[in-house]
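Following: one structure in C-alpha cells, then a few remarks.
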Amino acid sequence: MIRIIISQVYLWLDKPEKAKKNLINLVKKYEKSYIGHKMLANIYEQEGKKAIDEYVITLDIRKNDYNSYYKISLLLHKLNKKEETIDMLTTLLKNKPQMLEASMLLRRNLSRRKRIQKGN
C-alpha cells in the first residue's frame, strides 16, 4: 500500500516516470496487485504504450472491473480494431447494460461496420 501512495504522490508531482518505475517494481513483487496494474495501465495509456495489456491483467485479477472493459474498448477503437472493439463492448454491455458510454461506442462501431459492408 505504501508503494501505491508513493506512486500517487509522484503522479501528483507530475513525475510519471518515477511513479511508473515504482509501480513496475510493485507488480513484479505482487503480481496480483489490482491497484498497481490499474495505475500502471493509466500511465501507459497516457504514454500511448501497452495499456491494453495492463488493463487485461486487471480484468484477470478482478473480472467485474467494467471500467477496464470500457478502457480496453476505447483503446481498441483508437487502433481501428473494430471487431475486437465490438466484442469487448458486447461483453461489457451483457454484464452492465446501463453503461451509456459503452452503448454509444458500440452503436458507432456497428453503424460503421454496416457502412463498410454496404460499400463492398
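Below, each value reflects all heavy atoms present in this structure, side chains not excepted, and no hydrogens, waters or symmetry copies. Since this is a predicted model, take the numbers as computed values, not measurements.
His37 places no side-chain N or O within donor-acceptor distance of the main-chain N or O of Ile61, the cut-off being under 3.5 Å.
Side-chain heavy atoms closer than 4.5 Å link hydrophobic residues (I, L, V, M, F, W, Y) into clusters, and following such links, possibly through other members, connects Ile72 to Leu106. At a threshold of 4.5 Å between side-chain heavy atoms, the hydrophobic network of Ile, Leu, Val, Met, Phe, Trp and Tyr places Tyr66 and Val56 in one connected group. Taken together through direct or relayed side-chain contacts under 4.5 Å among Ile, Leu, Val, Met, Phe, Trp and Tyr, Ile6 and Met39 form parts of separate hydrophobic clusters. By the rule that hydrophobic residues join a cluster once side-chain heavy atoms approach within less than 4.5 Å of another member, Ile57 and Leu59 end up as members of separate clusters. Tyr70 and Ile35 are not part of a single hydrophobic cluster, where members link through side-chain heavy atoms under 4.5 Å apart.
Under the side-chain contact (heavy atoms from CB on, under 4.5 Å) criterion, Gln46 pairs with no residue, sequence neighbours left out. Residues meeting the side-chain hydrogen bond (donor to acceptor under 3.5 Å, both in side chains) test with Tyr55, sequence neighbours left out: Asn42, Glu45.
Taking both residues in full, the closest heavy atoms of Pro16 and Ile43 are given as O-CD1, 4.2 Å, listed atom of the first, atom of the second, then distance. Residues Ser33 and Ile4 come closest through the heavy atom pair OG-CD1, 4.5 Å. Of all non-hydrogen atoms in Leu26 and Gly36, the two that sit nearest each other are CD2-CA, 3.8 Å. Contact between Leu75 and Ala51 at its shortest, heavy atoms only, is CD1-CB, 3.8 Å.
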Residues 17-25 side chain polar contacts: donor-acceptor under 3.5 Å, at least two apart:
| unit_1 | atom_1 | unit_2 | atom_2 | d |
| --- | --- | --- | --- | --- |
| Lys20 | NZ | Glu47 | OE1 | 3.3 |
| Lys20 | NZ | Glu47 | OE2 | 3.1 |
| Asn22 | ND2 | Arg3 | O | 2.8 |
| Asn22 | ND2 | Ser7 | OG | 2.7 |
| Asn25 | ND2 | Lys21 | O | 3.3 |

Run the side-chain donor-acceptor check on residues 85-100: report pairs under 3.5 Å with partners two or more places apart or on a different chain.
| unit_1 | atom_1 | unit_2 | atom_2 | d |
| --- | --- | --- | --- | --- |
| Thr85 | OG1 | His77 | N | 3.2 |
| Thr85 | OG1 | Lys81 | O | 2.7 |
| Thr90 | OG1 | Ile86 | O | 2.7 |
| Thr91 | OG1 | Asp87 | O | 3.0 |
| Asn95 | ND2 | Thr91 | O | 3.0 |

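Atom CD of Glu31 sits in a sparse spot, with 12 or fewer heavy atoms from other residues, nucleotides or ligands closer than 6.0 Å.
The side-chain contact (heavy atoms from CB on, under 4.5 Å) test with Leu74 is passed by exactly one of Leu105, Leu79, Ile52: Leu105.
Within the structure, the salt bridge (Lys or Arg N to Asp or Glu O under 4.0 Å) test picks out the following pairs touching residues 50-66 (sequence neighbours left out): Lys38-Asp65.
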